[in-house]
Structure formats: structure tokens, C-alpha cells
Participant: 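This is the structure I want to talk about, given as C-alpha cells.
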Amino acid sequence: MTRRHGLYAVDRALVLLGSASGVATLLMILIVVPDVLARKFLAETIPAASEVNIHLLVLLIFLGLAGAQAQQAHFTMTALVDRLPAPPRRLLGIATGLASFAFAGFMTWMTAGKAWGAFLRDEVTIGTIALSVWPFRMIVALGFGLLALQLFLQVLRLCLALPVAATGPAADAADSGCA
Amino acid sequence: MDPAIVGYLMLGGLCLLLVAGMPIAYALGLVGLSGLAATRGLPSLEFLAGSQPYTVTANLTLIIIPLSLFMGHLALTAGLSERAFAAARAWVGHVRGGLAIASVFACAGFATVSGSSVATAATMSRIAVPHMLRAGYSQRMAAGAVAAGGTLGVLIPPSGVLVIYSLATGVSLTKLLVAAVVPGILTAIVYAAGIHAVSRFDAQVMAATRAAPEPMPARLRSLGRSWEVVLLFVIVMGAIYAGFATPTEATAVGAGAALLIALRHTAGRRRELVRGLVDTGVSTAAIFALIIGSGLFSLGFATTQIPQNAAAWVGSFDLPPVLLLVLVLLPFLVLGAFIDGLSMILLTMPTVFPVIQQAGIDPVLFGILVTKMTEIGVITPPVGLNVFVVKGACPELAIGQVFRGCVPFIGMEFLLIALLIAFPFLTTGLL
């Protein structure tokens with residue numbers, strides 16, 4: 001595997017992880033619909049349906065965060081940057097990429113600390129069942145960590161004058177439906 | 001440091017990062033964290049930064065976002081958009097500007113299962129624009145009708161923008177969704193009437209509108225074939241309005257029904273369903289990154305007291321509510337030309353909403369008006385997201401023609417906003 005392909009393999013893995021998180025949407029439907037129908041017609045509810053759905057959403061978001069970055073799906077205001085010549089645009093890309101990396105790295109550190117605290121205290125949800133919170137807080141930290149990794153790789157590519165994500169295996173994965 | 005100075009530095013820093021092209025979510029988050037560090041110190045920063053992403057996202061109401069995104073994907077996969085266009089064309093295709101009017105009504109139909117303006121424009125442009133161009137419509141009319149018609153996606157429930165507005169302000173999502181029904185239908189009607197009127201001055205459209213009316217049985221058959229669109233709308237809005245389910249639950253039931261419909265229509269094309277799940281995951285992550293970033297910004301900005309002081313300052317002028325409303329909405333016109341609706345709402349509400357509350361303006365009406373402003377934003381240069389989406393779907397279109405085609409619709413939007421302000425019952429009547 002060439003150095004260039006090695007850089008894009010991480011994108012591919014992150015996009016695949018994000019794809020797996022999409023399945024959480026399907027699970028939400030499979031939980032909410034029977035819950036609504038059971039409540040309306042049988043005056044029963046599925047135990048812990050709310051807690052499970054909430055945490056499926058957490059999975060969906062944080063496992064998809066880095067994949068969304070790999071696909072350049074985050075909202076950006078590019079009206080001015082797009083009009084700049086390539087060299088200053090690249091420099092701005094590196095500067096904003098580093099700032100984004102700093103943000104994601106800091107959030108990883110902070111949320112990991114919180115997850116560790118939740119693990120030590122065995123923090124649980126308040127509801128019909130007591131669900132351990134720490135695995136989901138770990139997912140939050142993992143999501144930010146993977147985002148930081150993806151941002152770092154994108155900055156590295158800009159420094160090496162490689163495409164950020166528009167071409168290469170990440171984009172191919174997206175096009176082929178793997179993404 | 002004086003909190004007010006921190007607040008101004010935050011606003012300046014945010015503008016700088018946004019203009020430099022940093023993703024809006026990260027820029028908001030970074031500036032918010034910096035503001036918190038300056039005003040509250042490191043212990044508070046550690047606590048808030050560590051806990052906020054989980055506490056903001058672990059919210060049952062918010063599962064409506066992936067569910068409505070997925071429902072839109074399923075409707076597209078099942079071909080509901082094509083059937084909606086065919087039905088609209090059968091009924092109004094023969095009148096002056098009929099295909100463009102049909103496109104608007106088809107957009108309205110698709111908007112009932114899609115909460116996104118961009119998704120509606122992208123879907124309908126692939127179906128309706130080639131039809132109109134083949135029939136001899138001008139590029140301007142064909143592309144303008146679809147780009148503007150796509151904006152109905154954010155107004156007619158379900159609406160991603162209204163979900164975000166509800167999240168940012170605490171206004172009841174049920175009330176917002178119910179209140180959006182009449183303005184959404186009214187917008188489609190005004191667009192249709194406007195197209196009919198403007199077509200008189202478009203020689204190409206006049207020449208192209210020579211089709212014979214479809215016979216009544218054919219019209220009824222086309223309407224019958226689009227029953228699934230009606231069914232999904234009735235399931236979602238009926239369940240909300242009848243109090244059978246919350247908006248989140250109703251959307252889940254709608255998405256479940258859309259899944260069954262899609263499975264029925266896409267035998268052998270299951271890959272498209274998988275693609276819908278993947279796109280839902282990516283879009284959801286991007287939207288929530290924005291919510292997390294804006295939450296951090298709001299936390300930091302609130303500590304500077306600028307929003308509260310701004311509300312008090314505006315209140316001191318004792319302006320009539322209508323004038324205040326117009327003044328507050330004007331900046332949205334400028335902002336909307338540069339950033340998307342979701343970001344615009346999350347960016348502005350920490351400052352603007354206290355002003356609106358202080359003035360006693362109905363927050364539901366304000367939410368609908370802000371949504372109308374986001375509609376204008378997606379068809380206004382230089383960003384005009386829907387314009388680029390239509391151009392992307394139909395590369396043969398000239399971008400200038402698409403923007404020109406949107407101009408009459410911007411005028412119609414101003415008229416609609418004036419109507420909604422003058423007659424608030426159009427918004428609040430169903431509540």
C-alpha cells in the first residue's frame with residue numbers, strides 16, 4: 001500500500017463506521033412504531049424504549065462525526081474562500097484545519113475525562129431502567145477522537161499538496177455505496 | 001476581562017473563522033470554548049465542555065432529525081416524487097406556465113415527506129426540469145420554479161428548520177409544525193399564481209403552453225397513483241394534530257410507513273435503501289455537530305450578557321412590534337445569502353430571541369417568519385444553495401439563468417411575509 005493510499009484508508013474506515021451508525025435509524029423506527037401502537041391500542045409501552053432510542057441517537061451522531069468530515073459534509077461558508085487563488089486557499093485550509101483539530105482534540109480530552117468519571121461512579125440513567133451511561137460517554141469521546149484524527153490527516157494532505165477528500169479511496173468508497 | 005469585551009471578541013473571532021472557511025460547527029465550538037474560558041475560568045470550561053455534547057444530544061425529541069431525513073430518502077427511492085409531479089402535471093400542465101406550476105405543486109407534495117429544502121430541490125429538479133426544457137420552457141422559468149419550489153421543503157411539515165428553531169428557542173415543535181401548514185399551502189398557491197402571471201411576459205413559456213388538457217379519468221388516475229404521498233402526510237400531520245402521537249413519534253411512524261412503501265417499490269434495489277441509511281447517518285452527524293457547536297457558543301455568549309443587554313437596549317426604544325419584527329428580520333436576509341438556514345438560526349437565536357420575547361411577539365409566528373427568511377436565503381446569491389443544487393442536477397443550465405429565474409419568487413416571498421405579518425391568524429389559526 002502506498003503512502004497516499006494509507007492516508008485514505010483511514011477515511012474509508014471512518015466512512016464505513018459512519019455507515020454502520022446509519023443502521024441506528026432503522027432500529028429507532030423498529031422501536032418507536034411498536035411502542036406508539038402498543039401504547040395506543042394496548043395501553044402498554046415497551047420498557048426502556050426512550051432510553052434505548054436516546055442512546056441510539058448518541059451512537060448515530062458520534063460514530064458518524066468523523067465519516068461526515070471525511071466526506072466534507074459539515075456545513076461551511078465558502079463564498080469567499082472559493083474565490084481565492086489556490087495558494088492562499090491552501091494556507092487558509094491548513095490554518096482552519098489546525099484550528100478545527102485543536103477544537104476536536106480538546107473536546108476528546110474533556111469528554112474522555114467525563115466518560116472516565118462516569119465509569120468510576122457507574123453513572124446510570126434515571127428512568128424505567130437504570131442504563132449505564134459510561135459506554136455512551138466513551139462513544140462521545142471516541143467520536144471526537146476519530147474526528148480529530150480525520151482532521152489531522154486532512155491537514156497533512158494539504159501540507160503534502162494531496163486532495164483533501166474529493167478524490168482517492170474515500171471518495172471512491174462513497175461513490176460505490178460502501179460509504 | 002470585561003465580559004462585554006469578551007462577547008465582542010467572540011463575535012469578531014467567529015466572523016473571521018467563518019469567512020476563512022472553517023466548518024461552522026467547529027468555529028462556533030472553538031469560539032464558545034474560548035469565551036467560556038475567558039468569562040468563567042478553566043474549571044467551568046472543563047465541566048461544560050466535557051458534559052455538553054452528551055447532554056445536548058441525549059434528547060429523545062431530537063431523534064426526529066434522522067427519522068425525517070430517512071423518510072425523505074425513502075420517498076425519493078420509492079419514486080413518490082415522480083408520481084407527485086405526474087399528478088400535478090395532469091391537473092395543471094395545460095394552463096399558462098402549467099409545467100412550472102406543476103413543479104411547484106409537486107415540490108409541495110414531496111415537501112410533506114421531506115424536511116429539507118435542498119433534498120426537495122435536488123429531487124424535483126431531476127424530474128421536472130428536463131420535462132420543462134423539452135416542452136420548450138425557458139431555462140430561467142424551469143430552474144427558477146424548481147429552485148424556489150424546493151424551499152417548500154423547509155416550511156411544509158416535517159421541517160428540519162422548525163425542529164432546529166424549536167431546539168434553539170424552546171418553542172413547542174407541535175405548535176410550530178401545525179402553524180406551518182397554512183403558510184406552506186399559501187406559499188405554493190402564491191408561487192403558482194405568480195408563475196401564471198409572469199408567464200404572460202415569457203414568450204418561450206407562452207409558446208410552450210399549447211398542451212391539450214388531460215381528460216378527467218386520466219387526471220383522477222394520476223391522483224390515485226400518488227396516494228402514498230397523501231398517506232404519509234396524513235399519517236404524520238394527522239397523528240400530530242389529533243394528539244395521537246408526538247411529532248417525533250409521528251415522524252417515526254411516517255418513516256416506518258415510508259419504509260414499507262419503499263420496500264414495495266424497490267425490490268432488487270435494496271442498495272438504494274442502504275444508501276439512504278448512510279446518507280442519513282452523515283447528514284445527522286453534520287447537523288448535530290452544528291447543534292453541539294452552537295450550544296457551546298450559546299453557553300459562552302450568554303455569560304457575556306450581550307444578548308440580555310441587547311434585548312434591554314432594543315426594548316428601551318419602545319418600537320411598535322411590527323416595526324421591531326421587520327427590523328429583526330432584515331439581518332436574516334443578509335445572513336441568509338451567505339450561510340444555510342440551520343446555522344443561521346443557531347447563530348442568531350441566542351441574541352435575537354430574547355428581543356422577540358421582550359417585545360411580546362408570538363414566538364410561533366416569529367419561527368415561521370424566520371423559516372421564510374431561510375427560504376429566501378437558499379435562492380439568493382452568492383450562496384443560494386438551491387440554485388447550485390438545481391444546477392448540479394441539471395448541468396446544462398446556466399447558473400445566471402437559474403438565479404434570474406428565482407427573482408420573481410423572492411418578490412413573492414416578500415409579499416407572503418407581509419401577508420403573514422398583517423394577518424397573524426394565517427399562522428396561528430390552527431393552534
Side-chain angles (χ1 to χ4, degrees), chain A residues 15 18-26 28-30 32-33 35-37 40 50 53-58 60-65 67-69 71 73-82 89 92-93 95-96 99-100 102-104 106-107 110-111 113-114 117 133 136-137 140 144 177 179, chain B residues 17-27 29-30 33 45-47 49-51 53-54 57-60 62-63 66-67 69-70 239 244-245 248-250 252-253 255-256 259 271 274-290 292 337-340 342-343 382-383:
Chain A
V15 172
S19 309
S21 82
V23 176
T25 314
L26 208 54
M28 285 175 191
I29 296 172
L30 294 176
V32 177
V33 175
D35 189 44
V36 171
L37 296 177
K40 195 68 195 174
S50 303
N53 274 322
I54 286 170
H55 290 96
L56 281 173
L57 181 64
V58 173
L60 176 63
I61 296 163
F62 290 96
L63 292 185
L65 215 50
Q69 179 62 36
Q71 295 196 33
H74 289 290
F75 298 92
T76 309
M77 192 178 126
T78 57
L80 187 76
V81 175
D82 285 348
R89 198 166 63 220
L92 267 182
T96 55
S100 303
F103 167 69
F106 183 77
M107 292 304 288
M110 291 291 112
T111 51
K114 207 75 187 171
V133 168
F136 300 100
R137 286 199 182 273
V140 174
F144 276 116
Chain B
L17 293 175
L18 293 182
V19 169
M22 186 168 173
I24 297 170
Y26 312 151
L30 192 64
L33 291 176
L45 173 69
E46 271 184 41
F47 175 78
S51 55
Y54 175 80
T57 53
N59 180 344
L60 187 63
L62 296 181
I63 69 170
L67 290 171
L69 287 171
F70 189 47
F244 179 84
T248 304
E249 292 169 341
V253 176
L259 181 61
R271 200 180 173 85
V274 176
R275 180 87 205 181
L277 284 173
V278 173
D279 287 349
T280 300
V282 167
S283 304
T284 303
I287 290 172
F288 276 90
L290 203 56
I292 293 166
F338 294 96
I339 54 176
D340 68 279
L342 301 184
S343 312
V383 174

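Bear in mind that the values here come from a model prediction, so they are computed numbers and not experimental data. Note: hydrogens, waters and symmetry copies are ignored here, and every other heavy atom, side chains too, is used.
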Participant: Has B:S51 got a side-chain atom pairing as donor or acceptor with B:A49's backbone, closer than 3.5 angstrom?
Facilitator: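 The answer is no, because no donor-acceptor pair under 3.5 Å joins these two groups.
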
Participant: Mind ranking B:Y54, B:F47, B:F70 by heavy-atom pairs under 4.5 Å with chain A and telling me who comes out on top?
Facilitator: B:Y54

Participant: Go through the structure and list residues passing side chain to side chain contact (heavy atoms under 4.5 Å, CB included) with A:L37, not counting sequence neighbours.
Facilitator: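 In terms of side chain to side chain contact (heavy atoms under 4.5 Å, CB included), with neighbours along the sequence ignored, A:L37 is linked to A:V33, A:F41.
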
Participant: As an exercise: rank A:V36, A:V140, A:V133 by heavy-atom pairs under 4.5 Å with chain B and give me the winner.
Facilitator: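 The residue among A:V36, A:V140, A:V133 with the greatest pair count is A:V36.
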
Participant: Under a 4.5 Å heavy-atom cutoff, which of A:V32, A:D35, A:L63, A:L56 has the most pairs with chain B?
Facilitator: A:V32

Participant: Tell me, out of A:M28, A:K114, A:R137, who's got the most heavy-atom pairs with chain B below 4.5 Å.
Facilitator: A:K114

Participant: When heavy-atom pairs shorter than 4.5 Å are enumerated against chain A, which of B:A289, B:G50, B:G256, B:G281 gives the highest number?
Facilitator: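 Of B:A289, B:G50, B:G256, B:G281, B:G50 has the most heavy-atom pairs under 4.5 Å with chain A.
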
Participant: Would you name the heavy atoms of A:V81 and B:V19 that are closest together and state the gap between them?
Facilitator: CG2-O, 3.3 Å

Participant: Can you give me the closest heavy-atom contact between B:A286 and A:A73, atom names plus distance?
Facilitator: CB-O, 3.5 Å

Participant: Which atom pair, heavy atoms only, marks the closest approach of A:S50 to B:L60?
Facilitator: OG-CD2, 3.7 Å

Participant: Where do B:A20 and A:L92 come nearest, in terms of heavy atoms and distance?
Facilitator: CB-CD2, 3.8 Å

Participant: For chain A, which of B:L290, B:L259, B:L33 has the most heavy-atom pairs under 4.5 Å?
Facilitator: B:L33

Participant: Tell me, side chain or backbone of A:L65 under 4.5 Å from chain B's heavy atoms, or both, or neither?
Facilitator: both

Participant: Quick one: of B:A25, B:A255, B:P53, B:A252, who has the most non-hydrogen atom pairs under 4.5 Å with chain A?
Facilitator: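 Top count of heavy-atom pairs under 4.5 Å with chain A: B:P53.
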
Participant: Which atoms of B:I63 are under 4.5 Å from chain A, going by heavy atoms: the side chain, the backbone, both sets, or neither?
Facilitator: both

Participant: If you take all heavy atoms of B:L17 and B:A27, which pair is closest and at what distance?
Facilitator: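 Looks like CB-CB, 3.9 Å.
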
Participant: Need one label for B:I292: side chain, backbone, both or neither, based on atoms under 4.5 Å from any heavy atom in chain A.
Facilitator: side chain

Participant: If we only count heavy atoms from C-beta on, is the B:I287 to B:L69 side-chain gap below 4.5 Å?
Facilitator: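 Touching, per the 4.5 Å side-chain cut-off.
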
Participant: Answer whether the closest heavy-atom distance between the side chains of B:F288 and A:L60 falls below 4.5 Å.
Facilitator: no

Participant: What part of B:L62 is in contact with chain A, defined as an atom under 4.5 angstrom from a non-hydrogen atom: side chain, backbone, both or neither?
Facilitator: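 The answer is both parts of B:L62.
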
Participant: Tell me which of these, B:L277, B:N59, B:T248, has more heavy-atom pairs under 4.5 Å with chain A than the rest.
Facilitator: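 Highest number of heavy-atom pairs under 4.5 Å: B:L277.
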
Participant: Specify which of A:F103, A:F106, A:F136 makes the most heavy-atom pairs with chain B at under 4.5 Å.
Facilitator: A:F103

Participant: Applying ring pair (Phe, Tyr, Trp, His ring centres under 6.0 Å), name anything that partners A:F62, two or more places apart in sequence or on another chain.
Facilitator: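 Per chain and number, A:F62 pairs via ring pair (Phe, Tyr, Trp, His ring centres under 6.0 Å) with A:F144.
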
Participant: Does any backbone or side-chain atom of B:L18 lie under 4.5 Å from a heavy atom of chain A? Answer side chain, backbone, both or neither.
Facilitator: both

Participant: Less than 4.5 Å to any heavy atom of chain A: does that hold for the side chain of B:T280, its backbone, both, or neither?
Facilitator: side chain

